[in-house]
Amino acid sequence: MLHIHRLPGRRLRARGLRRGHPRRPRGLIALSLLGTTIAATPLVYLVVRAREAGWSAAVETLAHPTTLPLLARSLGLATVVTVASVFIGAAAAWLVVGARFPGRGLFAVVAPLPLAVPSYVAAYAWVSAFPGMEGFWAAALVLTLCCYPYVYLPVAAALARADPGIDEVSRSLGAGGWRTFTRLKLPYLRPAIASGALLVSLYVVSDFGAVSVLRVTTFTRAIFTSLDLGFDRVTAVVLSTVLIAVTTVLVLGETLIRGRHHNGLTPVQRNVRRARLGSGAVPAGMFMITLVTLAVAIPAASIGYWTVRGAARSVPWPDIVEAARGSLLVSAAGAGLTVLLALPIGVLAARHRGTLPTLLERVTWMSHALPGVVVGLSLVFLSVNVVYPLYQSTSMLAVGYAVLFLPLAVGAIRVAASHSPLILEETARALGKRPSAVFATVTLPLAGPGVAAAALLVFLTCMKELPATLLLRPTELDTLATSLWSQTTVAAYASAAPFAAALVLLAAVPTYVLSRHIGALDNAGL
Amino acid sequence: MPQKPSSQSIARFSSACLALTLTIVLTGCSSNESTAGDGEITVYSGRSEELVEPLVEKFERESGTKVNVRYGETAAMASQLLEEGDKTKADVFLAQDAGALGAVAKEGLFSRLPDELLRQVPRQYRGSSGTWVGVTGRARVIAFNPETVPESKLPDDIFEITEPQWKGRVGIAPTNASFQSFVTAMRLTEGDERTEKFLTDLRANDVQIRERNGVILDDVDAGRLDLGLINHYYWYEKQAEIGEDKVNAKLHFLRNGDPGALVNVSGVGVLEQSGSDSDARDFVSYLLSEEGQRYFAEQTYEYPLTDDVSPADGLPRIDELSPPDIDLDDLDSLQQTIAMIRDSGLTN
C-alpha cells in the first residue's frame with residue numbers, strides 16, 4: 001500500500017531530473033552548510049584543545065580505570081530511560097490518539113506537559129517531596145518522566161496522520177489485529193519511535209541537572225566535575241570527544257532503524273477511527289492516571305507547596321517578571337535563529353537522498369549530547385577569537401542554542417516536509433516553476449505547521465537550558481533558569497520555587513500549543 | 001499558487017531572514033567595554049547574587065561607580081576567564097575559593113594589587129604573587145559532642161582520628177569540596193604517601209561517610225557521631241536556625257599548622273588589563289573595608305580577614321588560628337586529590 005503511494009512521486013521526480021534540473025540542489029546545500037557548520041563549531045574547539053593537551057594526556061584520561069565504568073553507567077541509564085520512555089510514550093500516544101476512553105481529551109492536554117519541566121526542577125521537586133531520594137534508579141525514574149514526551153509527540157503525530165484505510169484493508173484481507181499491528185502499524189511508526197528514542201537517549205547522556213541533584217555520577221557529571229575541581233579543561237575536552245563518539249553511534253543506529261522515510265505518502269482526509277477499549281478501558285485509564293500523577297501532579301504539587309510556603313514570606317514579583325522577560329527574549333532569539341538554520345537542512349533531508357544531504361542532516365546532532373558547559377566554553381572560545389563584538393550578546397547566546405538544539409528543529413521540519421505531498425511539488429516543477437519558487441510557494445506553506453512545531457519545541461527547550469546560558473548570556477541579563485539557579489545555590493526551596501513555577505508555567509504554553517498541533521496536523525490531513 | 005512565477009527564492013528568503021537576524025544581532029551587541037576610571041566596572045562573581053548584591057548596591061551608592069555583575073559557578077567562571085584570556089570583559093573576579101583564584105593567577109591573568117590593599121590581609125590568606133587577596137576565611141574544625149567526648153580526650157592532631165579509640169566514631173564528607181581542599185593541604189604539607197596512608201587508615205578505622213557538612217554536624221549534635229570534620233560556619237548557621245544555646249555540639253580548633261586546621265578563603269583579584277582602573281581597586285578596597293568585612297561576617301559567619309572586624313561570637317581571632325603553612329594558590333589542582341580519595345575507597 002505504502003509503496004503504491006510512493007512510486008508515482010519518485011518516477012516523476014526522476015523524469016524531472018532527466019529534463020535538466022540541477023542534479024544537486026546547490027542553493028539548498030549551501031544554506032544547509034551554514035547551519036551544519038555552526039552546529040559543528042564545538043568540534044573545532046575540542047580538536048584545538050585536545051591537540052594542545054597532546055595525545056598522551058588524552059590517552060591517559062581515556063585509559064583511566066574510572067572512565068569505562070562512568071561510560072557504562074551513562075549508557076546504562078540512557079538505555080533504561082530510553083526503553084521505558086518508548087513503551088510509556090508510545091502506549092500513551094496510542095491511547096490518547098487511537099483509543100476511546102473517559103478523560104481522553106484531558107489526557108491529551110496533560111500527557112506532553114513534562115516537556116515544560118527542566119530535569120533539575122523535576123529532580124528538586126521529587127527530592128523535596130521525598131528527601132533522601134537518590135541514585136541510579138531514582139534518576140532513571142525522574143528522567144523517564146521528563147523524557148517520554150519526546151516519544152509521545154512524534155508517535156501521536158504519526159498515529160494522527162496514519163491512513164485508517166490501511167488497517168481496514170489489512171483486516172479485510174484476513175489479517176488479525178496483532179498481525180496488522182506488527183506488519184503494518186509498527187513499521188509505519190518505526191521512524192517516529194526511532195527519532196523519539198534518539199532524542200531521549202541523547203537527553204539522558206547529556207543531562208546534568210537530574211543526575212547532579214540525585215547524585216549519580218555519569219559521564220556528563222564527570223565532565224562538569226573535572227572543570228569544577230581542577231579547572232581541568234583537558235579532561236573535560238577528552239571526555240567530551242567520547243560523548244561525540246557515543247552520539248555518532250546512536251545517530252547511525254537511528255538512521256538504520258528509521259529506514260527509508262515514507263516520502264510522498266498521500267494525505268489522508270479521514271478522521272482516525274478510535275478503538276473501543278471495552279474492558280480494557282479501566283487499565284488504560286489507570287495507566288494514564290498513574291502516568292500523569294507521577295510526571296505532572298507530583299512535581300506540580302511539590303513546586304506549588306514550596307511556592308505557597310515562599311509566598312508566606314514574599315514573592316519577588318519584579319524579579320520574576322524581569323527574569324521572565326529575559327527568558328522570552330533569549331528563547332525567541334534562539335528559536336528564531338535555530339529554525340532559520342534548520343529550514344534548508346530539514347527540507348534537504350526530506351527531499352533529497354544521497355550521502356551529502358544525509359551527512360549534512362546527521363552532523364547537526366554532533367553537539368546535541370555535549371554538556372552545555374562545554375558548548376558554552378567552545379562558543380566563548382569562538383566568539384572571543386573570531387566574532388568578539390558578539391561576545392556576551394543575546395545573539396551569541398542564540399547561536400549557542402542553535403548549536404545545542406538544531407537537530408530538534410531539523411527533525412520537526414524534516415518530518416513535516418517529508419509528509420507534505422511530493423506530488424504537488426513535482427506538478428509545480430512539471431509546470432515549469434524553478435525549484436526555488438516551488439520551495440517558496442509549495443513546500444514552505446505545506447511545511448508551515450512543522451516549522452511552527454520546530455520553533456515551539458526549540459523555544460521551550462531554550463527556556464529550560466542553564467549551563468550554556470550562564471556562560472553566554474549578556475552580563476546582568478537574568479532568565480528564569482538563571483534566577484532559579486542562583487536561588488538553588490543558596491539551597492532554599494521556598495525562594496527558588498516561585499521562579500520554578502514561573503518557568504514551568506511559561507514553558508507549558510508552547511507545550512500546550514505543541515500538543516494541540518497534533519490535532520491541527522490531523523485535521524489538516526497532513 | 002500565484003499566476004506569475006514568484007521571484008522569491010530560497011536563497012533570497014533566507015538571506016532576508018538572516019539579514020534581519022544580523023541586524024537584531026548587531027544592535028544587540030553588548031557594550032560593557034570598560035576603560036580605566038570611567039565610573040563603571042564589570043565583576044565576575046562566583047559568589048551568589050543573594051549574598052553579593054546588597055553589598056554591591058551599597059558600594060554603588062557610596063562610590064558612584066556602576067557595577068555590572070555577572071554571576072556564575074566559581075569554577076565555570078574561572079574556565080571562562082581562562083578562555084577569554086586578555087580579551088575578558090571582567091575587571092574583577094570575586095571567587096568562592098582560593099583554588100579558582102590560583103588557577104587564574106597561574107595563567108598570569110591577574111594584575112598585581114597595590115601594597116596598601118595587600119597589607120590589610122595576613123600573608124597566608126592572599127595569593128603568593130600578590131595578585132589576589134582573601135576576603136573571608138573558612139576554617140576547618142572538628143565538631144564534637146561534649147556529652148561523649150570530654151575536652152581532654154580531643155585529638156591534638158588530625159592523624160589521631162585514625163587511631164583505634166575513634167573507630168567508627170568520626171564523620172567526614174569525602175565528596176565535599178571543603179574536605180577535598182583539606183586533603184590537598186595535607187598532600188602539600190605531609191606529602192602524598194602519608195596522605196594516602198591517612199585516607200586508607202581512615203577507611204580501615206570505619207570512618208562514617210556523610211554527604212554534606214551540615215549532615216555531619218546534625219549527627220554530632222544528636223549524638224549519632226562523636227566527632228565530625230566540618231567548616232566552622234556550619235555551627236553558626238545551625239545556631240541561627242535552631243536558636244542560641246540549642247546546639248549541643250562544640251567546635252575544636254587544631255593547632256601547630258595541622259592540615260586539619262586549614263583556612264580556605266573566598267577572594268578577589270583584578271584582571272591584568274584593569275590593573276590601572278581605580279574603580280576596580282576601589283571595589284576591592286571596599287570588600288576589605290570595615291563595612292564590607294562586617295557584612296560578610298554577619299551574613300555568612302565566615303572569618304573577616306582584616307584587623308578591623310572581629311569574628312562571630314565564640315570564635316578564636318584569626319591571628320590565633322594556626323593553619324598549615326601552604327600557598328593557597330596551590331589548592332587549584334584537586335584532580336590528584338580526588339583520585340587519591342577515590343582510590344582509598346572512601347567515595348564508592
Side-chain angles (χ1 to χ4, degrees), chain A residues 27-28 30-31 34 64 66 215 224-233 235-236 333 336-337 340 343-344 347 373 376-377 380-381 384-385 388-396 398 428 432-437 439-442 444 467 470-471 473-476 482-483 486-487 489-490 495, chain B residues 1-2 5-14 17-18 20-22 24-26 28-30 32 42 44 48-51 68-80 82-85 87-90 99-100 102-104 175 177 180 211 332-339 342 348:
Chain A
L28 214 48
L31 288 169
L34 187 63
H64 198 277
T66 52
R215 300 177 190 283
F224 275 81
T225 318
S226 68
L227 285 171
D228 237 23
L229 296 175
F231 316 99
D232 178 1
R233 287 175 294 171
T235 305
L337 181 66
L340 211 57
L343 209 51
V347 172
V373 67
L377 284 177
V380 169
F381 170 82
V384 161
N385 291 302
Y388 190 64
L390 294 188
Y391 185 47
Q392 290 182 3
S393 66
T394 308
S395 345
M396 207 60 213
K433 291 253 181 190
R434 281 180 301 130
S436 52
F439 177 83
T441 56
V442 180
L444 205 54
L470 279 177
L471 281 168
R473 66 178 164 153
T475 298
E476 303 232 303
T482 65
S483 300
S486 60
Q487 296 296 333
T489 48
V490 288
S495 47
Chain B
M1 217 176 287
S6 164
S7 62
Q8 250 181 320
S9 68
I10 323 163
R12 280 183 209 167
F13 173 77
S14 299
C17 292
L18 271 180
L20 190 70
T21 314
L22 274 177
I24 299 170
V25 157
L26 291 170
C29 282
S30 55
N32 282 337
T42 298
Y44 282 12
S48 75
E49 184 165 3
E50 176 160 307
L51 177 64
N68 306 302
V69 193
R70 185 177 183 85
Y71 294 96
E73 302 280 358
T74 289
M77 296 212 113
S79 302
Q80 182 162 17
L82 298 184
E83 288 299 350
E84 291 174 343
K87 288 187 179 159
T88 184
K89 290 180 185 278
V104 175
T175 53
Q180 291 159 354
E211 198 57 55
D332 69 336
S333 180
L334 284 173
Q335 288 295 86
Q336 294 102 307
T337 302
I338 308 292
R342 188 185 52 223
N348 39 21

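Residue numbers start from 1 in every chain, and the chains themselves are labelled A, B, ... in the order their sequence lines are given, proteins ahead of strands. Given the structure is predicted, the values throughout are model-derived calculations rather than measurements.
- Most heavy-atom pairs under 4.5 Å with chain A, from the set B:R70, B:E84, B:K87: that is B:R70.
- Put simply, CD on B:Q80 and CG on A:L470 are 9.0 Å apart, with the number rounded to the nearest 0.5 Å.
- A distance-only check finds a donor-acceptor pair linking the side chain of A:E476 to the backbone of B:V69 [under 3.5 Å].
- Across all non-hydrogen atoms, the minimal contact from B:A76 to A:L471 is O-CD2, 4.0 Å.
- Listed by chain and number, the residues in a side chain to side chain donor-acceptor pair (under 3.5 Å) with B:E83 are A:Y45, A:R49, A:R233 (sequence neighbours excluded).
- With a threshold of 4.5 angstrom between heavy atoms, A:R473 approaches chain B through its backbone and through its side chain.
- The two atoms that bring B:K89 and A:Y388 nearest to each other are CG-OH, 3.7 Å, heavy atoms only.
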